[in-house]
Protein chains: 2
Amino acid sequence: MRRVTSASNPAVKAAAALHRVRNRHATGRTLVEGPGPVAAALEAGVVPETYFTTAWDADAARAGDLGAEVLMVDESILRRVAATGHPRGPVAVITIPTPERPRRAPTLVLAGLADPGNAGTLIRSAGAFGYDVAATPGTVDLWNPKTIRAAAGAHFAVTIVAALDLSDLRAVGLTVVGTFPSGGDDPEGLQLPSPPAVVVGSEAHGLADRAGVEIAVTIPTTGAVESLNAAVAGSLVMYTLAVARHR
Amino acid sequence: MRRVTSASNPAVKAAAALHRVRNRHATGRTLVEGPGPVAAALEAGVVPETYFTTAWDADAARAGDLGAEVLMVDESILRRVAATGHPRGPVAVITIPTPERPRRAPTLVLAGLADPGNAGTLIRSAGAFGYDVAATPGTVDLWNPKTIRAAAGAHFAVTIVAALDLSDLRAVGLTVVGTFPSGGDDPEGLQLPSPPAVVVGSEAHGLADRAGVEIAVTIPTTGAVESLNAAVAGSLVMYTLAVARHR
């Protein structure tokens, strides 16, 4: 444990730089923020490289025991490294895990989603309903610190897989199910030949097109509003198609 | 139509003040931001008092025809009155409608929710699934501009009702169904004696207690993550209990 009092300390600057996607990609590192997500990471066996905290507590001691460099900082330095204006609890620098290969298991596919909060909410639902998670290029970074925060620790409970496009998921035997705001089948009671890859498109434009989608589904609504929030729609489709509920 | 070029213009200052809940309560006014929500308000017959826009377009002309004072402003003034750093489209000052009395119809009850984004997402789902909306004291302001933005216009499609506590909803014959992260019944296939009042508690603490709750429900999950996002959980319960799906 070491006390850091200057915002120009190299560890502080290196951590703060990770709010930019460019620096996350260049270094392969990201930030996990808040007591819940940090505890979930430690629980999953992730060893933070650096662990910023304002208080010496059980999690800080545990991070230190695991081999993290624990840095005691004041509120103003914590705010420098955190994504939120009023950070709660520790901020940990971790190495971004290498994604797994896709497998024949229910999978959430983020395809063009732009909002880190929506992405995190969907990853949290994927964890709750037993889905792996993939993101195609052009989607918000799964390892954006805001996404990690919104997922409330689910990044460390789900299997994240690499997919360049929907054909990578068909190739392992998944049925590609696209979520559309209108015009698709009701997912309720839908019989699928194999576990679903549930695809959620961008908040503004939905799924760019139906190329690669085998079954289009739409959550039935009254029509009083134009559409559901993308994270809600994707969560509802995952829930409705969850293997546990139909087999 | 009038051009406003100074950020100290009284209309600009009065609008910007509405980001504070205190000023919304004192004036009975709020801000609707973005092309979608503003169009939904106009569609529902809401006449904005003031309509800030950077471009003279069909919606601006319509607002002017309805009697709104249309003020042409530049980007920097739009940012002053908008809740977002990069506002898209117009910002309208409207009078907050008086809530209706509760009625015997499916109703979403926000009871302690703190995040305006979650509240807006839930109101959007309420509109999609045919629920009225109530909020008990201690909940984020339903008319927070961020809540209105997240609801994507649903405020103008749903019936908002006034409720001081859950007994006000039982009094009109609703069955009070509380959403809990664990320990409740599976809402799937649940038979209710009357339309549900679906109660969603705070993100951090859930429902403070079960007082006033007749049936506790929990969306079944794998247990790999601690809980669902509150807006997702509430939306799933509304969806599962929606009258249209069971009668």
Side-chain angles (χ1 to χ4, degrees), chain A residues 34-37 39-40 43-44 88 106 115 117-118 120-131 150-159 181 186-189 203-204 218-240 242-246, chain B residues 34-37 39-40 43-44 88 106 115 117-118 120-132 150-159 181 186-189 203-204 218-240 242-245:
Chain A
E43 195 65 45
R88 283 180 59 232
D115 181 75
N118 281 340
T121 297
L122 280 163
I123 294 169
R124 190 171 174 181
S125 295
F129 300 134
Y131 283 65
H155 281 75
F156 310 105
V158 301
T159 299
D186 185 344
E188 185 75 35
E203 292 87 350
T218 296
I219 298 290
T221 62
T222 62
V225 298
E226 207 173 289
S227 62
L228 291 161
N229 166 279
V232 167
S235 297
L236 277 162
V237 172
M238 279 193 278
Y239 168 78
T240 308
V243 172
R245 298 182 63 245
H246 291 296
Chain B
E43 194 65 45
R88 283 180 58 234
D115 181 75
N118 282 340
T121 297
L122 280 163
I123 294 169
R124 188 172 175 180
S125 294
F129 300 134
Y131 283 65
D132 292 352
H155 282 74
F156 310 105
V158 301
T159 298
D186 185 345
E188 185 74 36
E203 292 86 350
T218 295
I219 297 291
T221 62
T222 63
V225 298
E226 207 173 291
S227 62
L228 292 160
N229 166 279
V232 167
S235 297
L236 278 162
V237 173
M238 279 193 278
Y239 168 80
T240 308
V243 172
R245 300 182 61 244

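To find a chain, count down the sequence lines: A is the first, B the second, and so on, and within it residues start at 1. Keep in mind the model is a prediction, meaning the values are calculated, not measured.
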For B/Ala157 versus A/Ala224, what's the shortest heavy-atom pair and its separation?
CB-O, 3.5 Å
Could you check if a side-chain atom of B/Phe129 sits within less than 4.5 angstrom of a side-chain atom of A/Thr222, using non-hydrogen atoms only?
no
When you measure from the side chain of B/Arg124 to the backbone N and O of A/Val225, does any donor-acceptor pair fall under 3.5 Å?
no
Looking at B/Leu228, B/Leu236, B/Thr121, which one has more heavy-atom pairs under 4.5 Å with chain A than the rest?
B/Leu228
Counting only heavy atoms closer than 4.5 Å, note whether B/Ala152 contacts chain A via side chain, backbone, both or neither.
neither
For chain B, which candidate among A/Ser227, A/Ala151, A/Ala128, A/Gly120 shows the most heavy-atom pairs at distances under 4.5 Å?
A/Ala128
Going by heavy atoms in the side chains, are B/Tyr239 and A/Thr240 under 4.5 Å from each other?
yes
When the 4.5 angstrom heavy-atom criterion is applied to B/Leu122 and chain A, the contacting part is neither
Crowded around B/Glu226 CD? As in, over 12 foreign heavy atoms under 6.0 Å?
no
Side chain to side chain, B/Asn229 and A/Ser125, heavy atoms closer than 4.5 Å
no
